[in-house]
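Read the structure below first, then the notes.
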Amino acid sequence: MMSLFNVFDVSGSALSAQSVRLNTVASNLANADNVATTPEEVYKPRQPVFSAILDSMNPNQAAKGVRVDGVVESQADPLMKYDPGNPLANEQGYVYSPDISTVEEMSNMISASRSYQNNVEVMTTSKQLLMRTLQLGQ
């Protein structure tokens with residue numbers, strides 16, 4: 001059985017995971033306009049991979065939190081743009097840029113931000129419940 005104190009562990013792990021997600025979004029947005037001479041030099045967008053932390057003794061119980069299994073790079077091909085005036089253009093006049101959708105990244109950022117806020121609210125409410133429970137004995 002999960003105690004009320006475990007809520008802090010679950011929400012804390014979620015806060016940590018959403019923080020990683022926000023950092024990858026910020027990295028992707030910061031590098032969205034970067035260009036390179038070759039496709040190999042282009043920044044590759046990154047996405048975190050999450051998984052639930054389950055109790056190995058009782059896998060049918062609710063998850064004990066979330067963990068970041070890693071950050072993977074996109075395998076999408078970079079975009080090729082004709083820009084002969086760019087100093088990084090190759091002999092044919094092309095530069096390569098990462099395939100990053102700023103709209104998709106912004107929606108991902110809003111989703112991560114709201115998840116972060118929701119977990120803070122869960123922790124605040126749990127703290128208030130625990131404080132009121134302790135006050136019952138006074």
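Because the structure is a prediction, the values reported are computed rather than measured.
Side-chain heavy-atom separations under 4.5 angstrom define the hydrophobic clusters, and the remaining members of the one that includes Val20 are Phe50, Val66, Val68, Val71. Tyr82 forms part of a hydrophobic cluster together with Val42, Met80, Tyr94, Tyr96, judged by ILVMFWY side-chain heavy-atom separations under 4.5 Å. Residue Ile110 shares its hydrophobic cluster (ILVMFWY side chains chained together at separations under 4.5 Å) with no other residue.
At least one donor-acceptor pair under 3.5 Å links the side chain of Thr133 to the backbone N or O of Leu129. Remark: the backbone N or O of Lys64 is not paired with any side-chain donor or acceptor of Asn6 at under 3.5 angstrom. Under a 3.5 Å cut-off, the side chain of Asn31 and the backbone N or O of Asn34 do not form any donor-acceptor pair. Side-chain atoms of Ser115 come within 3.5 Å of backbone N or O of Ser111 as a donor-acceptor pair. Of the possible polar contacts, none joining the Thr37 side chain to the Asn90 backbone as a donor-acceptor pair under 3.5 Å is found. Thr124 contributes a side-chain N or O that, together with a main-chain N or O of Val120, makes up a donor-acceptor pair within less than 3.5 Å.
Across all their heavy atoms, Ala32 and Ile100 have their closest contact at CA-CD1, 3.8 Å. Contact record, Gly12 with Met123: N-SD, 4.4 Å, taken as the closest heavy-atom pair. When all heavy atoms of Arg46 and Thr24 are compared, the closest pair comes out as O-CB, 4.0 Å. Looking at every heavy atom in both residues, Asp83 comes nearest to Ala89 through O-CB, 3.4 Å. Minimum heavy-atom separation, Ser11 to Val122: OG-CG1, 3.4 Å. When all heavy atoms of Pro45 and Pro98 are compared, the pair lying nearest together is CD-CB, 4.5 Å.
More than 12 non-hydrogen atoms from other residues, nucleotides or ligands lie less than 6.0 angstrom from CD of Gln92. Shown here is Asn23, whose CG atom has more than 12 heavy atoms of other residues, nucleotides or ligands within 6.0 Å. In this structure, Glu104 places its CD atom where only 12 or fewer heavy-atom neighbours from other residues, nucleotides or ligands lie under 6.0 Å away.
In this model, a donor atom of one side chain and an acceptor atom of the other lie less than 3.5 Å apart for Gln18 and Arg21. The closest side-chain donor-acceptor pair between Ser51 and Asp69 falls under 3.5 angstrom.
If you take CD on Glu73 and OH on Tyr43, they are separated by 8.0 Å, rounding to the nearest 0.5 Å.
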